[in-house]
Amino acid sequence: MSWIPSLVNLFRRDADYLVGLDVGTSRIKVAVGQERPDGALSMIGRHMTESEGIRKGEVQDQKRACDAIARALREAEENFHIGMELVELAITGAHIAAETHTGHVGVRGEGGEVNDADVQAAKDSASSCAQLGSDRTMIHVVQCGFDLDGGLPLVNPVGHLGNSLKAEVHCIHGHQGRVRNLPNCLCSKVGANVEVNEVVFSGLASALAVLEPEDKQMGAIVIDLGGGITEYVVYRNGAPRLSGTLAVGGEHMVNDLMVGLGIRQRNKARKLLHEAGGVMVEPEDRGREVVFSRDEILGARQQVYFLDDIHRILHERMDETLRIIRDRIFARNASGFDGVTVFLTGGCARLKGMVTLAQSIFDLQAKTGIPTGFEGQEDLRSPEMATAVGLVKYAHAQRLAATKRKRGMPNLIGRILED
Amino acid sequence: MPDGEGAPRAAAGRRAPAEKRVRIKVIGIGGAGVNAIDRLVQDGFDQVGLLAINTDSQALTNCMVADKLQIGDRITHGLGAGGDPDVGRQAAIEDAEAIEEAVRGYDLIFIAAGLGGGTGTGASPVIAKAARAQGALVLALVTLPFVYEGKPRERVAQGGLAALQDAADAVICIANDKLYDLAGEEASVQQGFAPTDAFLSGGVRKIWRMLTFTGLINIDFADLRAVLRRRGGETLIGFGDGAGSDKVARAIEGAFGSPLLSDPEVLRRAECALVAVTHGPDFKMSQYGEMMKTVNEKLGPQAACKLGPIVDEDCQDQVSLLIIASTGKPIESAASRSGRTLDGAIQTSSLNPTAPSHAFARGKGKFQQGVLNLNEVSRGAFEGADRTVVDGEDLDLPTFIRRNVQLRQR
Ligand SMILES: Nc1ncnc2c1ncn2[C@@H]1O[C@H](COP(=O)(O)OP(=O)(O)OP(=O)(O)O)[C@@H](O)[C@H]1O
Ligand SMILES: [Mg+2]
């Protein structure tokens, strides 16, 4: 990819770039953006390479993962003619869990007017309900909303009058040791010479990338179907209320194809997944064959596979995966999901029939989640780039919130992302 | 796209990386035991440690195994135990230190011996005990004397067997008469080897292969341990090979024609079994199904089975079947009584690979670490990662198999 730095970019310090690093099980994705002088986000580009040493979203072989990350960052720097100092890093893993908690405090601001300290106290009271075990660590405390004396939901209660302030927070946490494994791969002594600014749960990042404010308000279920793990985040009334992971991904489908069709080479099964994959068994599949010639597969004889077998195998896997996630989401309360949309991101969202399948399992409208909310760079608008782009948007929102705080403006954007 | 590269990164039939490999040693004890491991040398099998132990220095000198240990020189003066198991036992005790040294650092130790004589019968239990004390899983493969050798020898053998059953994790015991019966006098004479040795050599090699090659669905050392470390009962083994158009039938015939698996009554009592199938890349799902159907019928519905298909490129149009079964009960310990299951326990499941596993998954609650999970999928793809288990169901196993979905037969 050739990219000629514009004059503006030449005069910017490297630290002004916003870099999202998504170290996935299959691929490492780097998204680069920057804040324009008017404050809007403009994306510069993406870089994608093969990942190594990652299983089910987590570091399994530190050496190989470090090398792959260092290589990906180096190549991205060369591609975009920039130096990277700070990155936002996505993390995921089967150990990640989340709950939503509420907390109440009496308003102590002068004249019963809620002040910042009250807000903080209410949030602290809510997040203290999380009661994490000694081996757990908090990744995010996302503030979902407030109300005063049981009244209407408030986005920002500061300045309102009342007695009792209720805060709702969504707490995302992980295993203390496992949360550190990926960031550890980025410290300078093992290769990559960048600093991790913040660690963000992959599912949350993907949601940030693809959801418009209206989607968050109407309700959205974002499911990121990756190579080794699937993350999901549920937004209701503008904020995330439920999130989690299921360590099943594209590699499971590859494995299923190997077992089902007697394919010995993983690469060959992958190729089959990408080129003939689909999760709905269609009537027209009957009798159709996929032929692998001798040239395509070194050494093996020509192989013929039935399309309906392939689709059947993949259908069972994705049907099961989505059902598990649906049951987890609907477990508490299946009602009130009218108008909610399911967004599918991650590489496996590219599979034919995924939207149809999700639609039928959730009985909700579904679509492929495409990163939005920035200018330029069409190649960033693909479902597998969601996490990386979401990280850039996260960094951008944080920066905006910080600037506004500095200028003494009310912190509106930060409310979704704070902490 | 990187597809089409020659070497697949985590393909089936690959050998496990060196650091993951199970450290195995085969120890032949006494005359018959040493002969048996000689056979391994003749077969060119050098992937595991081999050690010959005897009281008879002359017999040791003649054997082909490089690593030899003469025991009890002070009491036997290198002349053998004279058919007295007490002498064999004393000899082993006398050289306890050297034995301890020899069995240190292994995961799995095979002990091969012919029961009925002095050294094999007397020394084997002592050596097995030492090996277990060093942390190895000990599997003894022993023979019982021919009937024509007489009652006293039979009694000696039975005494040794009882001691060995106490000392080893599992004992696979075959009567010589039965082995020779099944092999057929002529066949064995023509090929110039004793069926006992062939049986031992074959068993060791096949177990080694099962543990060393990673398949899509993998049988590992923990699985073997779960089948061997059980309470009471008998340990059974059988294997067969087939090639060409009737390869499946041949392999089944071979396995269920082996002396220990040929008794349908004993088979029906099997509580658990490991079924390893090694086949070429051309092996069809339907053939696999056919094979499993027979195995299922023979073993009976109560047997908890773990299947491990291994694809071996060198096995074009060939298939090999290895079955290790036990009629013993799972070991119960304080831990398992309090709700945790040790790795000695194997969950009950249907053998049929296409049967839904809901039966054993349901109601089990959280998956316990250490419990042998049946039908598990390749560690190849997920090596180093925890299994994905939801409501007791192992999601690493293909959904279509767990849901019993039939694919189109080809
Ligand atoms: N058409 C397709 N093109 C590319 N990849 C596809 C396609 N269809 C399915 N996939 C699968 O998508 C997966 C990669 O997706 P993605 O890049 O989102 O995962 P990842 O971020 O590397 O993994 P994870 O999030 O699980 O750690 C692979 O398993 C790949 O096989
Ligand atoms: Mg991902």
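Letters go in sequence order (proteins before strands), and every chain restarts at 1.
Listed by sequence position, A:Glu316, A:Arg317, A:Asp319, A:Glu320 are the residues of residues 314-322 of chain A in contact with chain B, using a 4.5 angstrom heavy-atom cutoff.
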Apply side-chain contact (heavy atoms from CB on, under 4.5 Å) to B:Leu395 and A:Leu246, showing your working.
CA-CA 10 Å; B:Leu395 302 189; A:Leu246 177 65; 4.0 Å; yes
Which is it for B:Asp396 and A:Lys56 under the side-chain contact (heavy atoms from CB on, under 4.5 Å) test, yes or no, and what are the steps along the way?
CA-CA 11 Å; B:Asp396 288 350; A:Lys56 294 186 178 178; 2.9 Å; yes
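Between B:Leu407 atom CG and A:Leu261 atom CG the span is 7.0 Å, to the nearest 0.5 Å. The line from CD of B:Gln406 to CG of A:Asp309 is 10.5 Å long, rounded to the nearest 0.5 Å.
Within a 6.0 Å sphere centred on CZ of A:Arg323, heavy atoms belonging to other residues, nucleotides or ligands number more than 12.
Neither the backbone nor the side chain of A:Glu58 comes within contact range of chain B, judged by heavy atoms closer than 4.5 Å. Looking at A:Ala247, the atoms closer than 4.5 Å to chain B (heavy atoms on both sides) sit in the backbone and in the side chain alike.
A:Asp256 is not listed as a side-chain neighbour of B:Ile401, based on a closest heavy-atom distance of 4.5 Å or more. Taking the side chain as every heavy atom from C-beta outward, A:Arg328 and B:Val390 approach each other to under 4.5 Å. Side-chain contact between B:Leu397 and A:His252 is absent, with no heavy atoms from C-beta onward closer than 4.5 Å.
In this structure, B:Asp386 does not pair ionically with A:Arg55, as no charged nitrogen and carboxylate oxygen lie closer than 4.0 Å.
For residues 243-253 of chain B, the set of pairs meeting the side chain to side chain donor-acceptor pair (under 3.5 Å) definition, not counting sequence neighbours, comprises B:Lys247-B:Asp317.
Under the rule for a side chain to side chain donor-acceptor pair (under 3.5 Å), the partners of B:Ser320 that lie at least two apart in sequence or sit in another chain are B:Arg209, B:Asp241. For B:Phe283, the ring pair (Phe, Tyr, Trp, His ring centres under 6.0 Å) partners are B:His279, not counting sequence neighbours.
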